[in-house]
Student: 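Input: one structure, supplied below.
Only heavy atoms go into these numbers, but all of them, side chains included; no hydrogens, no water, no symmetry mates.
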Amino acid sequence: MASQASLLLLKQLKDLCKNPVDGFSAGLVDETNIFEWSVTIIGPPDTLYDGGFFNAIMSFPSNYPNSPPSVKFTSEIWHPNVYPDGRVCISILHPPGDDPNGYELASERWTPVHTVCDVLKMIYVSSSYSYR
């Protein structure tokens with residue numbers, strides 16, 4: 001029997017396929033694993049990334065959407081929100097609740113109402129504001 005997380009991820013994948021969003025695309029890495037997605041983010045116009053195609057893997061925990069996915073670029077990219085190993089560090093990917101370091105508001109962090117599309121849009125937008 002399918003879990004709530006896998007059913008929700010399947011719905012979100014179908015929604016993205018039916019209603020593509022400019023700036024990125026997504027699909028499964030392996031058709032048998034709904035918890036690992038391959039994403040491509042297209043470099044926003046008039047930025048350092050203009051015309052680039054940047055690949056990443058989105059991994060979802062079994063308790064999604066209660067916990068956020070993780071995103072790791074497999075393409076080489078230099079960005080202040082991307083660690084040298086490719087892991088993405090943005091507020092929406094941090095666990096719900098108060099930030100133990102006091103840098104982020106709880107409202108900036110992950111909540112179960114966020115979708116895959118929300119995360120990808122946030123990554124796309126963060127690349128739009130860097131290095132214009």
Student: I'd like to know if the side chain of D118 reaches the main chain of T115, judged simply by a donor and an acceptor atom lying under 3.5 Å from each other, with no hydrogens or angles considered.
Tutor: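 Looks like yes, one N/O pair under 3.5 Å.
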Student: Heavy atoms only: give me the nearest E36-I57 pair and the separation to one decimal.
Tutor: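 Answer, listing the atom of E36 first, then I57: CG-CG2, 3.6 Å.
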Student: Start with the C-alpha distance between C117 and D15, add both sets of side-chain angles, then the distance that settles side chain to side chain contact (heavy atoms under 4.5 Å, CB included), and finish with yes or no.
Tutor: CA-CA 9 Å; C117 193; D15 288 347; over 6 Å; no
Student: Counting N and O atoms only, with roles assigned by atom type, does the side chain of S75 sit under 3.5 Å from a partner on the main chain of F54, one being a donor and the other an acceptor?
Tutor: no
Student: For N63, enumerate each residue passing the side-chain hydrogen bond (donor to acceptor under 3.5 Å, both in side chains) test, keeping only those at least two apart in sequence or located in another chain.
Tutor: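 Only S67 meet the side-chain hydrogen bond (donor to acceptor under 3.5 Å, both in side chains) criterion with N63.
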Student: Counting only N and O atoms by type, is there a donor-acceptor contact under 3.5 Å from the side chain of N81 to the main-chain atoms of C89?
Tutor: yes
Student: Between F24 and V39, is any pair of side-chain heavy atoms under 4.5 Å apart?
Tutor: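 Answer no - side chains too far apart.
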Student: Distance-only, no hydrogens or angles: does the Q12 side chain make a donor-acceptor pair with backbone N or O of V116 under 3.5 Å?
Tutor: yes
Student: Would you name the heavy atoms of W78 and P80 that are closest together and state the gap between them?
Tutor: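 Looks like CZ3-CD, 4.1 Å.
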Student: For the atom pair CH2 (W37) and CG (L16), what is the distance rounded to the nearest 0.5 Å?
Tutor: 5.5 Å
Student: For S38 versus V29, what's the shortest heavy-atom pair and its separation?
Tutor: N-CG2, 3.6 Å
Student: Is there side-chain contact between P112 and N66, with at least one heavy-atom pair below 4.5 Å?
Tutor: yes
Student: Considering non-hydrogen atoms only, spot the tightest contact between P68 and P61 and give its length.
Tutor: O-CD, 3.4 Å
Student: What's the spacing between H94 NE2 and N101 CG if we round to 0.5 Å?
Tutor: 9.5 Å
Student: Does L93 belong to the same Ile/Leu/Val/Met/Phe/Trp/Tyr cluster as F35, with side-chain heavy atoms less than 4.5 Å apart forming each link?
Tutor: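 Yes, L93 and F35 fall within the same hydrophobic cluster.
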Student: Indicate, with yes or no, if I41 and L48 share a hydrophobic cluster defined by side-chain heavy-atom contacts under 4.5 Å among Ile, Leu, Val, Met, Phe, Trp and Tyr.
Tutor: yes
Student: Surrounding CG of D22 (heavy atoms of other residues, nucleotides or ligands, distance under 6.0 Å), is the total greater than 12?
Tutor: no
Student: Is H79 close to F73 at the side-chain level, that is, under 4.5 Å between some pair of heavy atoms?
Tutor: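 Not in contact.
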Student: Out of curiosity, K14 NZ to N19 CG, how far, rounded to the nearest 0.5 Å?
Tutor: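 Output value for this atom pair is 13.5 Å.
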Student: Is the backbone of P69 close enough, under 3.5 Å, to the side chain of W110 for a donor and an acceptor to pair up by distance?
Tutor: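 No; zero donor-acceptor contacts below 3.5 Å.
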Student: Ignoring hydrogens and angles, tell me if any N or O in the side chain of S59 forms a donor-acceptor pair with the backbone of S70 under 3.5 Å.
Tutor: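 Here the side-chain-to-backbone pair does not exist.
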Student: Just wondering, do V21 and L120 contact through their side chains at under 4.5 Å, heavy atoms?
Tutor: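 Answer no - side chains too far apart.
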Student: Quick one: CE on M122 to CD1 on I92, what's the gap to the nearest 0.5 Å?
Tutor: 5.0 Å
Student: I need the minimum non-hydrogen distance between Y124 and I42, along with the two atoms involved.
Tutor: CE1-O, 3.1 Å
Student: Is the backbone of P95 close enough, under 3.5 Å, to the side chain of R109 for a donor and an acceptor to pair up by distance?
Tutor: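 Indeed, once roles are kept as given, a pair shorter than 3.5 Å links the two residues.
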Student: Grouping I, L, V, M, F, W and Y whenever their side-chain heavy atoms are under 4.5 Å apart, do L10 and F60 come out in a common cluster?
Tutor: yes
Student: Search all heavy atoms of A26 against all heavy atoms of L13 and return the closest pair with its distance.
Tutor: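 Scanning both residues completely, I find the closest heavy atoms to be O-CD1, 4.1 Å.
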